[in-house]
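In what follows, chains are A, B, ... by sequence order, proteins preceding strands, each numbered from 1.
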Number of protein chains: 2
Amino acid sequence: MDDGQGIEPDGLPAFDLGGFTPYRVALVAQRLSEALAREYRVRFGLSVPEWRVLAHLAQSDAVSVRDIEDAVAMEKSRVSRTAARLEARGLVAKRADPGDRRLVQLSLTGDGRAMMADLLPLASAFQGEIEAQLGTDFAGFDRALGRLLEAYRGG
Amino acid sequence: MDDGQGIEPDGLPAFDLGGFTPYRVALVAQRLSEALAREYRVRFGLSVPEWRVLAHLAQSDAVSVRDIEDAVAMEKSRVSRTAARLEARGLVAKRADPGDRRLVQLSLTGDGRAMMADLLPLASAFQGEIEAQLGTDFAGFDRALGRLLEAYRGG
DNA sequence: ACAGGTTCGTTGCAAATGCAACGATGTGGC
DNA sequence: GCCACATCGTTGCATTTGCAACGAACCTGT
């Protein structure tokens, strides 16, 4: 009677949200984000978007809003406002690109660099913690993430 | 000179956001969510929170806001407002719990059940698609998700 | 029965978000 | 050089969100 995709008494096909991969991934993303954000929100007063922008600036200086938009997967208006907030806090500098005045060059200030010098080791430690949690399964996990990013990139 | 956690010329430790697991997971979550939402937003006019609430109601009828809050990992105010919207659209019924009048019993209406009868097979197909993408790696991937949920549950 | 404390769901309010529209700047065709 | 068109970043606006506060209902001990 049970054909493996059974029908419940109420006429609906059986479905377990808790086992649904998109939901599980969203949940893990949320938990990891919260765990990490706990560190850098309480200690540095950063939100997730702010952390992302700073992290990208730390690895590639003098980039445009558009560059960040692509690199950190955020809407350009979100990047723009985040950058404005970071500038107001003195962590990021904005100046017009001399070659193309439509562009804005974002870069870390001295303060911004100093903060990231404290923050990045914490991030690396967190990464190490996750890898330790997963042990030998980490490589496969990361590969699967890459596969899904490929399969569902933009579409 | 490169000790494996090198220092960049700008004095910051090397860090690759694109390889940072929390970021990668967040990205996959976003992509999967978008891919799925494309289906049920255009065809059924549902948002992600609405989908989650309906999905939970489909598998366990007559539950309280608090139950859903736990089951679908959403703030209670978000659940409350989502339920109100679904009620206004005639997909969900709300009634006071006769045993404990603080509680609200949420359940699918006939219309709601009918919609879910169309939706759930799509969700199952999407799940199958993901599993096909990952092939034999899916089991390990899912296990790793579970491990991370355990490790970072609530804290 | 009643006072103190707890749980449930809703709501007010400020902040964040997405989307579209906009001005400014660049580019290419002619 | 000029005009149509594309790109960049910001902003207006409506919606969504999280948090705290609230009233209502329940529970406990006395």
Query raised in the report: In degrees rounded to 10°, what angle is found between the helical axes fit to the five outermost pairs at each end of the helix from dA1(C)-dT30(D) to dC30(C)-dG1(D)?
Result: 30°
**Report entry** Of residues 67-80 of chain B, the positions that come close to DNA chain D - non-hydrogen atoms, cut-off under 4.0 Å
**Finding:** Glu75(B), Ser77(B), Arg78(B)
Requested in this report: Could you list the residues that satisfy salt bridge (charged side-chain N to carboxylate O under 4.0 Å, His left out) with Arg89(B), not counting sequence neighbours?
Outcome: Glu50(B)
Query - salt bridge (charged side-chain N to carboxylate O under 4.0 Å, His left out) against Asp142(B), all qualifying residues, sequence neighbours excluded - result: Arg24(A)
Query raised in the report: Can you name the side-chain hydrogen bond (donor to acceptor under 3.5 Å, both in side chains) partners of Arg143(A), sequence neighbours left out?
Result: Asp137(B)
Report summary line: Across all chains, not counting sequence neighbours, the ring pair (Phe, Tyr, Trp, His ring centres under 6.0 Å) partners of Phe141(A) are Phe141(B)
Distance-only criterion, 3.5 Å: show the donor-acceptor pairs between side-chain atoms of residues 78-86 of chain B and protein atoms not counting sequence neighbours.
{"residue": "Thr82(B)", "atom": "OG1", "partner": "Arg78(B)", "partner atom": "O", "Å": "2.7"}

Query - Start and end of chain A contact along DNA chain C [non-hydrogen atoms, under 4.0 Å] - result: dA16(C) to dG26(C)
Requested in this report: Could you pull out all residues at least two apart from Arg101(A) that satisfy salt bridge (charged side-chain N to carboxylate O under 4.0 Å, His left out)?
Outcome: none
**Report entry** Partners meeting side-chain hydrogen bond (donor to acceptor under 3.5 Å, both in side chains) with Glu39(A) (sequence neighbours left out)
**Finding:** none
Query raised in the report: Quick one, which residues of residues 87-106 of chain A touch DNA chain C with a heavy atom under 4.0 Å?
Result: Asp100(A), Arg101(A), Arg102(A)
Extract all donor-acceptor atom pairs below 3.5 Å that involve side chains of residues 111-122 of chain B and protein atoms in other chains or at least two apart in sequence.
none

